[in-house]
Number of protein chains: 2
Amino acid sequence: MIAEVCCAPLVAGTMSQDEAAELSRVFKALADPVRLRLLNLIAAHPGGEACVCDLTGPFDLSAPTISHHLKVLREAGLIEGERRGTWVYYRTIPQALTRLSDLFTPALVPAP
Amino acid sequence: MIAEVCCAPLVAGTMSQDEAAELSRVFKALADPVRLRLLNLIAAHPGGEACVCDLTGPFDLSAPTISHHLKVLREAGLIEGERRGTWVYYRTIPQALTRLSDLFTPALVPAP
DNA sequence: CTACTGCTTAGAAAGATGTCAAATTAGAAA
DNA sequence: TTTCTAATTTGACATCTTTCTAAGCAGTAG
């Protein structure tokens, strides 16, 4: 009757300090407009991945700043990068996004 | 065949700068361990609401700090407060949490 | 090897944030 | 009215974050 989720949902149960600390790191990565738009561009990019060279254009920011933001997303576990020659391609990590979705799901969800 | 959602999901579509700015404000509110735990305590509290006096105990922080954090959550639209005499009770705003959940939902979701 | 492009890292400056003590406000009781 | 408790606001301080320039690393071509 009650769905099983991998983590304690945000809205039910008791969140430990460790869980809160880890979660806040992910939210901190999302707490910037540039990083939100970067994540959106990567996730919505044809083929499911985007080259850094595709990501610098839409922003009026320097390349190092974009690189820094990508690093924050990467270290938060939201994206991963792959180097192909001189190019670097980034894609989202679906499990990380699913986990965030589950956090806000009402606790009383019928089991599949 | 495609679900209708009120906002552009994070993982599909194109997020405008305005949307990103507004969203980042909500995530910024969640980007602190204390505020995550406060939100969790409020949401999971019996009766769906918690008095500030219930919220100061679990933290080794001063009352002004708790008050400040509650203000951040309130201004992010995640909680609302109600004064009853000298006491103030807070509850979550479900639509705000639902909206966040929808952000991470895969775009290809069957319509209800 | 050098020269080139693409990308990341390092460090500094400016701005934002978490925390506290002090002050203030809000509401109730005497 | 004064006094009290609960809660919020204010201002200062330490710490963190965003952005840039400069430097450095990664990979490729000649």
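A, B, ... follow the sequence lines: proteins, then strands. Residue 1 opens every chain.
- Between the side chain of Arg35(A) and the backbone N or O of Lys28(A) there is at least one donor-acceptor pair closer than 3.5 Å.
- Atom CZ of Arg25(A) is separated from atom P of dG18(C) by 15 Å (rounded to the nearest Å).
- Between Leu73(B) and Leu39(B) the shortest heavy-atom distance is CD1-N, 4.3 Å.
- For the pair Phe59(B)/Arg37(B), a side-chain contact is recorded, criterion being any heavy-atom separation below 4.5 Å from C-beta on.
- Taking every heavy atom of residues 53-74 of chain B and every atom of DNA chain D, pairs under 4.0 Å involve Cys53(B), Ala63(B), Pro64(B), Ser67(B), Lys71(B), Arg74(B), by number.
- Checking dT5(C), dA7(D), dC7(C) against every side-chain atom of Arg83(B), the shortest atom distance belongs to dA7(D).
- Just one of His68(B), Glu75(B), Arg74(B) meets the side chain to side chain contact (heavy atoms under 4.5 Å, CB included) condition when paired with Val72(B); it is His68(B).
- With rounding to whole Å, Tyr89(B) atom OH is found 11 Å from dA6(D) atom C1'.
- With a cut-off of 3.5 Å on both pairing distances, the Watson-Crick or G-U wobble partner of dA30(C) is dT1(D).
- Note: CD (Glu82(B)) to P (dA6(D)) measures 19 Å, nearest angstrom.
- If you measure from atom CD of Glu75(A) to atom P of dT18(D), you get 13 Å, rounded to the nearest angstrom.
- Comparing atom distances between the Asp32(A) side chain and each of dT18(D), dG27(C), dT8(C) picks out dT18(D) as nearest.
- Judged by distance alone, the side chain of Thr98(B) and the main-chain N or O of Pro94(B) form a donor-acceptor pair under 3.5 Å.
- When the side-chain nitrogen and oxygen atoms of Tyr90(B) are compared with OP1 and OP2 of dT8(D), one or more of them lie within a distance under 4.0 Å.
- Other residues, nucleotides and ligands place more than 12 heavy atoms under 6.0 Å from the CD atom of Glu80(B).
- Within the 3.5 Å criterion, the main-chain N or O of Ile93(B) finds no donor-acceptor partner in the side chain of Arg91(B).
- At whole-Å resolution of the value, CZ in Arg37(A) and C1' in dT18(D) are 16 Å apart.
- Place Ala31(A) and Arg84(A) on DNA chain D by their nearest nucleotides, and Ala31(A) ends up nearer the 5' end.
- Lys28(B) has its NZ atom 15 Å from the P atom of dG15(C), to the nearest Å.
- Taking atom CD1 of residue Ile79(B) and atom C1' of nucleotide dA7(D), one finds them 13 Å apart after rounding to whole Å.
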